[in-house]
Amino acid sequence: MKSTTIIIVLLLLLCGAMYFLGKKNGTTEVKATIIIKQLMMQQMYVFTNEQLSNNAGYHTKAREHITTIFTEYYKPLGYNVICNFTQP
């Protein structure tokens with residue numbers, strides 16, 4: 001998490017520098033903001049993906065939630081749902 005914080009701080013500093021450098025024409029700051037936003041979103045996705053994929057508790061809760069959704073959906077039709085989460 002420390003590396004993520006450092007990256008975000010560096011990106012914000014880069015955004016500030018590009019803002020002041022591009023203040024004359026106004027287009028550079030918009031482009032820099034968009035680029036930084038995309039980089040931050042990508043970094044957050046990677047961090048979140050690592051956190052969720054390595055946590056067994058989230059897997060268990062997700063399986064239970066998916067099973068509940070399908071069970072409730074098919075219950076009025078009289079079906080008994082069995083969810084199998086093993087990969088072939």
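In what follows, every heavy atom counts, from backbone to side chain, and hydrogens, waters and symmetry copies are set aside. Predicted model, so just to flag it, every value in this text is computed and none were measured.
Of the listed residues (M41, Q42, Q43), just one forms a side chain to side chain contact (heavy atoms under 4.5 Å, CB included) with L39, and that residue is Q42.
In the hydrophobic cluster analysis, where Ile, Leu, Val, Met, Phe, Trp and Tyr join through side-chain heavy atoms closer than 4.5 angstrom, Y74 is grouped apart from I69.
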What side-chain donor-acceptor pairs closer than 3.5 Å can you find for residues 56-66, not counting sequence neighbours?
| residue | atom | partner | partner atom | Å |
| --- | --- | --- | --- | --- |
| H59 | NE2 | S53 | O | 3.2 |
| T60 | OG1 | A56 | O | 3.1 |

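In terms of the side-chain hydrogen bond (donor to acceptor under 3.5 Å, both in side chains) criterion, residue partners of K75 (sequence neighbours excluded) are, by chain and number, E72.
Remark: the backbone N or O of Y45 is not paired with any side-chain donor or acceptor of N49 at under 3.5 angstrom.
Interatomic distance, T71 OG1 to N80 CG, rounded to the nearest 0.5 Å: 7.5 Å.
The closest side-chain heavy-atom distance from Y73 to V81 is not below 4.5 Å.
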